[in-house]
Amino acid sequence: MLTEKQLDRYADILIWGVKTSRTATLKRNDIFLVRFDLPALRLAEILQSKLLDMGMNPVLRMNSTPIMERTFFEKANAKQLTFQYPGDRPFYSALNGSIFLQAPASITHLSDTDPKKIGKAAIARKYIRDILVKRDEKGLYSWTLCMLPTRELADHAGLTIEKYAGQVVKACFLNKREPI
């Protein structure tokens, strides 16, 4: 779909985006969370390399697959839905930036899931958003995101994967020598 050169440019754009959306300058050893869907693995690898070259501390976390996410909402009891991971508060309280790589393998896998369960889990994790909003207001945190082409997205847009990828390339200037 996207070439290595296009992925490299996309990574540069994402780093530019996270830098410019923040009032304070980046410092060596800042902590960056890179959250990605499995189809975005290669872009996550490129971002890790670039962040390390900048002296940052990248933390890479893969999102649940559609099967994992569906299984969670089907099987989780009330305590599991509201479970807070040990270490999340100090981690997010020290986080300086997030880059989200969206490349969904499915966008309908939760369509018949009880929305109350989804809402309960989201409310239980609201404390994370609250922490990050406060950090953002102080200029200590910024974030950006991108969309990578997947067959699922192309199908829902009524396009071939090649045409969908072409739209992403065009929208993000990934065929330009200096897309930023």
Side-chain angles (χ1 to χ4, degrees), residues 1-69 91-92 95-111 122 125 128-129 132-133 135-180:
M1 275 184 271
L2 298 186
T3 66
E4 279 292 305
K5 180 63 95 181
Q6 290 168 336
L7 289 171
D8 190 71
R9 290 174 179 158
Y10 218 166
D12 288 341
I13 292 167
L14 291 165
I15 290 170
W16 170 83
V18 84
K19 280 182 182 177
T20 57
S21 67
R22 180 166 148 176
T23 54
T25 55
L26 300 179
K27 294 182 289 226
R28 290 185 72 73
N29 298 312
D30 275 356
I31 302 166
F32 277 83
L33 174 62
V34 178
R35 290 201 64 97
F36 61 97
D37 292 321
L38 184 57
L41 177 62
R42 182 65 190 129
L43 182 53
E45 292 169 340
I46 294 167
L47 273 167
Q48 178 194 34
S49 177
K50 289 179 179 284
L51 289 167
L52 287 168
D53 288 345
M54 293 169 58
M56 303 298 150
N57 291 305
V59 176
L60 288 90
R61 292 190 179 165
M62 191 180 89
N63 295 324
S64 295
T65 66
I67 292 170
M68 291 172 176
E69 194 170 27
F91 173 70
Y92 286 103
L95 190 61
N96 303 107
S98 294
I99 301 173
F100 301 96
L101 311 179
Q102 298 178 321
S106 173
I107 58 175
T108 59
H109 61 285
L110 297 179
S111 60
R125 288 168 182 70
I128 294 170
R129 283 191 306 278
L132 296 178
V133 165
R135 291 189 59 71
D136 189 17
E137 289 170 351
K138 295 176 184 175
L140 301 172
Y141 173 79
S142 60
W143 61 274
T144 192
L145 58 83
C146 76
M147 184 67 68
L148 284 147
T150 63
R151 184 157 313 282
E152 179 77 356
L153 292 170
D155 288 348
H156 280 275
L159 298 172
T160 66
I161 186 66
E162 294 79 16
K163 285 196 184 282
Y164 191 91
Q167 291 296 313
V168 171
V169 168
K170 184 178 176 183
C172 299
F173 305 105
L174 299 178
N175 279 343
K176 303 286 183 192
R177 189 166 272 140
E178 294 185 38
I180 293 169

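Counting begins at 1 with the first residue of the sequence. A quick note: this is a predicted structure, and the numbers were derived from the prediction, not measured.
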**Prompt:** So, the side chain of Thr150 versus the backbone of Pro104: is there a donor-acceptor pair under 3.5 Å, distance only?
**Reply:** yes

**Fill in**
Scanning both residues in full, the closest heavy-atom pair of Asp12 with Lys50 reads OD1-NZ, 2.8 Å

**Heavy-atom pair with the smallest gap, counting every atom of Ala40 and Leu101** = CB-CB, 3.8 Å

**Message:** Using every non-hydrogen atom in the two residues, find where Leu2 and Ala165 come nearest and quote the distance to one decimal.
**Reply:** CD2-O, 4.4 Å

**Message:** With side-chain contact (heavy atoms from CB on, under 4.5 Å) as the test, pick out the partner of Cys146 among Ile13, Val168, Ile99, Leu43.
**Reply:** Leu43

**Request:** For Gln6 and Asn175, test the side chains for any donor-to-acceptor distance below 3.5 angstrom and give the result as yes or no.
**Result:** yes

**Request:** Carefully, step by step, assess Asp30 and Arg22 under the rule side-chain contact (heavy atoms from CB on, under 4.5 Å).
**Result:** CA-CA 13 Å; Asp30 275 356; Arg22 180 166 148 176; 3.0 Å; yes

**Message:** side-chain contact (heavy atoms from CB on, under 4.5 Å) for Glu4 and Arg42? Distances and angles first, verdict last.
**Reply:** CA-CA 9 Å; Glu4 279 292 305; Arg42 182 65 190 129; 2.9 Å; yes

**Message:** Surrounding CZ of Arg151 (heavy atoms of other residues, nucleotides or ligands, distance under 6.0 Å), is the total greater than 12?
**Reply:** no

**Item:** Any side-chain donor near an acceptor of the partner, Tyr141 and Ser98, under 3.5 Å
**Value:** yes

**Message:** Measuring only between side-chain heavy atoms, which start at C-beta, is Tyr92 closer than 4.5 Å to Leu33?
**Reply:** yes

**Complete:** Between the NZ atom in Lys27 and the CE atom in Met54, the distance rounded to the nearest 0.5 Å is 13.5 Å

**Request:** Dump the intermediate steps for side-chain contact (heavy atoms from CB on, under 4.5 Å) on Phe36 and Leu47, then the final yes or no.
**Result:** CA-CA 11 Å; Phe36 61 97; Leu47 273 167; over 6 Å; no

**Message:** Can you give me the closest heavy-atom contact between Pro179 and Cys172, atom names plus distance?
**Reply:** CB-O, 3.8 Å

**Request:** For Glu152 and Ile107, indicate whether the former's side chain and the latter's backbone hold a donor-acceptor pair under 3.5 Å.
**Result:** yes

**Message:** Take a 6.0 Å sphere around CZ of Arg61 and say whether it holds more than 12 heavy atoms from other residues, nucleotides or ligands.
**Reply:** yes

**Prompt:** How many angstroms lie between CG in Leu140 and CG in Leu95, if you round to the nearest 0.5 Å?
**Reply:** 11.0 Å

**Nearest heavy-atom neighbours spanning Phe32 and Leu26** = CZ-CD2, 3.5 Å

**Asked** If you measure from CD1 on Ile46 to CG on Leu41, what distance do you get to the nearest 0.5 Å?
**Response** 10.0 Å

**Asked** Are Leu51 and Gln48 close enough, and set up right, to give a side-chain contact (heavy atoms from CB on, under 4.5 Å), and what steps lead you there?
**Response** CA-CA 5 Å; Leu51 289 167; Gln48 178 194 34; 6.0 Å; no

**Request:** Report the distance from atom CE of Met62 to atom CG of Asp37, rounding to the nearest 0.5 Å.
**Result:** 8.5 Å

**Prompt:** If every non-hydrogen atom of Leu52 is compared with every non-hydrogen atom of Pro58, which pair is closest and at what distance?
**Reply:** CD2-CD, 3.6 Å

**Message:** Does atom CD1 (Ile180) have a neighbourhood of more than 12 heavy atoms from anything else shown, all under 6.0 Å?
**Reply:** yes

